[in-house]
S.K.: 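One structure coming up, written as structure tokens, with questions to follow.
By convention in this document, chain letters (A, B, ...) are assigned in the order of the sequence lines, proteins followed by strands, and residues within each chain are numbered from 1. FYI, side chains are in, hydrogens and waters are out, and symmetry mates aren't considered; it's all heavy atoms of this structure.
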Number of protein chains: 2
Amino acid sequence: MTMARPGGRTARVRAAVVRAVGDALVEHGLAGVDLADVARRAGVGKTTVYRRWGTVAAAVAELVDDMVETSVPRAATGDLESDLRANAELVRSTLADPRQGRLLTALIGAARADERTAAALRRFYDARVREWEPCVAEAVSRGELPAGTDPAEVVRAVSAPLYYRLLTHGELPTEAARDRAVAAALAAARAGVYVV
Amino acid sequence: MTMARPGGRTARVRAAVVRAVGDALVEHGLAGVDLADVARRAGVGKTTVYRRWGTVAAAVAELVDDMVETSVPRAATGDLESDLRANAELVRSTLADPRQGRLLTALIGAARADERTAAALRRFYDARVREWEPCVAEAVSRGELPAGTDPAEVVRAVSAPLYYRLLTHGELPTEAARDRAVAAALAAARAGVYVV
């Protein structure tokens with residue numbers, strides 16, 4: 001059976017390499033990623049990988065850009081609490097996912113020592129926050145939150161406690177923690193804490 | 001001049017090794033810590049270091065235990081907001097300190113791949129939370145917060161946004177972020193979010 005593949009060979013190579021870089025990061029952390037090993041895992045010629053990416057940092061940046069492109073669109077239920085719960089559930093399930101969660105914590109660990117990874121990670125989180133900001137902006141327009149509330153701060157407030165427990169305690173976020181994160185962000189936002 | 005040194009030679013060796021492990025971690029991350037290098041930095045015989053600690057993980061655990069022992073006692077102003085601000089300022093100044101901040105992020109990065117470091121780090125954060133819990137428990141007794149509020153959750157809520165921005169965005173916490181973290185934790189606590 002023949003199927004048209006969007007993007008053709010180049011896109012397939014990119015997808016395989018991105019997958020292989022992620023696998024290597026999850027298994028070994030940034031220090032253990034090696035382009036020759038990535039090429040082997042991806043089933044792609046070493047020359048292709050070196051020519052196209054050149055460095056581990058470039059391949060990792062490609063992986064993060066792919067995470068931005070393929071990440072889940074925001075909710076739009078028309079109710080702030082429901083939207084924030086959908087956001088919190090996305091964060092919870094991502095962090096609790098054996099591959100995604102370990103990939104994010106590996107990238108966070110790598111960003112500390114590698115400025116290019118740090119920049120890619122900032123682009124990822126900025127893109128995620130931007131995607132979900134309208135949920136909060138629309139709630140401000142509806143009068144559910146004080147005028148002047150910074151939507152980005154509210155979105156980040158939902159994520160912060162879930163990341164904090166995982167990174168400092170190694171605790172995968174529970175559904176109770178998810179609901180508490182939403183309730184806390186909402187209570188603070190309603191009290192005007194995020195008005196700028 | 002001769003001074004009595006508490007603990008004598010053993011304590012001095014321990015202090016020098018703990019300092020050297022911290023320096024190596026800050027410079028190279030866990031993967032770059034080597035006991036022979038630690039001994040050299042500490043001006044202590046390699047045999048002493050190997051005999052007493054044996055592994056990098058044991059030396060790192062000693063460093064974290066030292067962080068627990070030497071960490072700053074809690075505030076006791078009699079006012080919850082002032083106490084939480086003192087806690088937030090301690091977190092802010094620690095994360096913003098070039099050595100302490102990089103040490104904590106290096107440990108958090110290392111904990112991902114090393115269970116012994118992860119356990120030591122959990123002991124550190126648990127000890128810090130336990131130290132500050134009475135500020136919240138006393139506020140509950142004074143009727144400033146709803147009965148049944150979990151003090152640990154309130155203390156962690158103050159830290160979470162400061163760690164989150166640093167770890168995902170590489171942003172050192174500002175005084176504005178500190179004050180927002182306190183205001184958010186207070187608003188959520190007053191709304192009963194942390195009642196268990």
Side-chain angles (χ1 to χ4, degrees), chain A residues 26-32 101-102 104-115 117-119 121-122 124-126 128-129 150 153-154 156-171 176-177 179-196, chain B residues 26-32 101-102 104-115 117-119 121-122 124-126 128-129 150 153-154 156-171 176-177 179-196:
Chain A
V26 165
E27 280 171 40
H28 306 298
L30 187 67
R102 293 178 69 197
L104 280 172
T105 56
L107 286 169
I108 288 169
R112 192 194 150 263
D114 184 77
E115 182 42 45
T117 301
L121 205 57
R122 275 195 296 275
F124 173 71
Y125 285 107
D126 286 344
R128 294 315 294 146
V129 169
D150 179 351
E153 283 291 330
V154 179
R156 290 192 200 102
V158 172
S159 286
L162 305 176
Y163 273 84
Y164 177 70
R165 289 305 286 272
L166 177 62
L167 292 167
T168 61
H169 281 71
E171 272 179 30
D179 294 345
R180 206 156 46 228
V182 171
L186 264 181
R190 285 176 183 147
V193 169
Y194 303 118
V195 172
V196 286
Chain B
V26 165
E27 281 171 41
H28 307 298
L30 187 67
R102 293 178 68 198
L104 281 172
T105 55
L107 286 168
I108 287 169
R112 192 194 152 264
D114 183 78
E115 182 42 44
T117 301
L121 205 59
R122 275 196 296 274
F124 173 71
Y125 285 106
D126 286 343
R128 296 314 295 146
V129 168
D150 179 351
E153 283 290 330
V154 179
R156 289 193 201 102
V158 171
S159 286
L162 304 177
Y163 274 84
Y164 177 70
R165 288 305 286 271
L166 177 62
L167 292 166
T168 60
H169 280 71
E171 271 179 31
D179 294 345
R180 205 157 47 229
V182 171
L186 265 179
R190 286 176 183 148
V193 170
Y194 304 118
V195 172
V196 285

S.K.: Select one option (side chain, backbone, both, neither) describing which atoms of Ala157(B) are under 4.5 Å from chain A's heavy atoms.
M.R.: neither

S.K.: Counting only non-hydrogen atoms closer than 4.5 Å, does Asp126(B) touch chain A with its backbone (N, CA, C, O), its side chain (CB onward), both, or neither?
M.R.: both

S.K.: Under a 4.5 Å heavy-atom cutoff, which of Leu166(B), Leu167(B), Leu104(B), Leu107(B) has the most pairs with chain A?
M.R.: Leu167(B)

S.K.: In Å and rounded to the nearest 0.5 Å, what is the CD to CG distance from Glu171(A) to Leu162(A)?
M.R.: 11.0 Å

S.K.: Are there residues of residues 189-196 of chain B whose heavy atoms fall under 4.5 Å of chain A's heavy atoms? If so, which?
M.R.: Ala191(B), Val193(B), Tyr194(B)

S.K.: Looking at chain A, which one of Ala176(B), Gly109(B), Ala160(B) has the largest number of heavy-atom pairs inside 4.5 Å, strictly under?
M.R.: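 Answer, by heavy-atom pair count under 4.5 Å with chain A: Ala160(B).
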
S.K.: Of all of Ala118(A), Ala106(A), Gly29(A), Ala113(A), which one pairs up most often with chain B through heavy atoms under 4.5 Å apart?
M.R.: Ala106(A)

S.K.: What is the ring orientation for Tyr164(A) with Tyr125(B), classed by angle as parallel under 30°, tilted 30 to 60°, or perpendicular over 60°?
M.R.: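 Rings of Tyr164(A) and Tyr125(B): perpendicular, as their planes differ by over 60°.
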
S.K.: Quick one: list whatever passes salt bridge (charged side-chain N to carboxylate O under 4.0 Å, His left out) with Arg180(A), sequence neighbours left out.
M.R.: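 Residues passing salt bridge (charged side-chain N to carboxylate O under 4.0 Å, His left out) with Arg180(A): Glu153(B).
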
S.K.: Looking at Ala31(B), Ser159(B), Ala111(B), which one has more heavy-atom pairs under 4.5 Å with chain A than the rest?
M.R.: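 Of the options given, most contacts go to Ser159(B).
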
S.K.: Taking side chain as everything from C-beta outward and backbone as N, CA, C, O, which of these in Ala185(A) sits under 4.5 Å from a heavy atom of chain B? Side chain, backbone, both or neither.
M.R.: neither

S.K.: When heavy-atom pairs shorter than 4.5 Å are enumerated against chain B, which of Arg112(A), Arg122(A), His28(A), Arg102(A) gives the highest number?
M.R.: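 Ranked by contacts with chain B, first place is Arg112(A).
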
S.K.: Is the closest side-chain heavy-atom distance between Thr168(B) and Leu121(A) below 4.5 Å?
M.R.: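 Side chain of Thr168(B) against side chain of Leu121(A), heavy atoms only: no contact under 4.5 Å found.
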
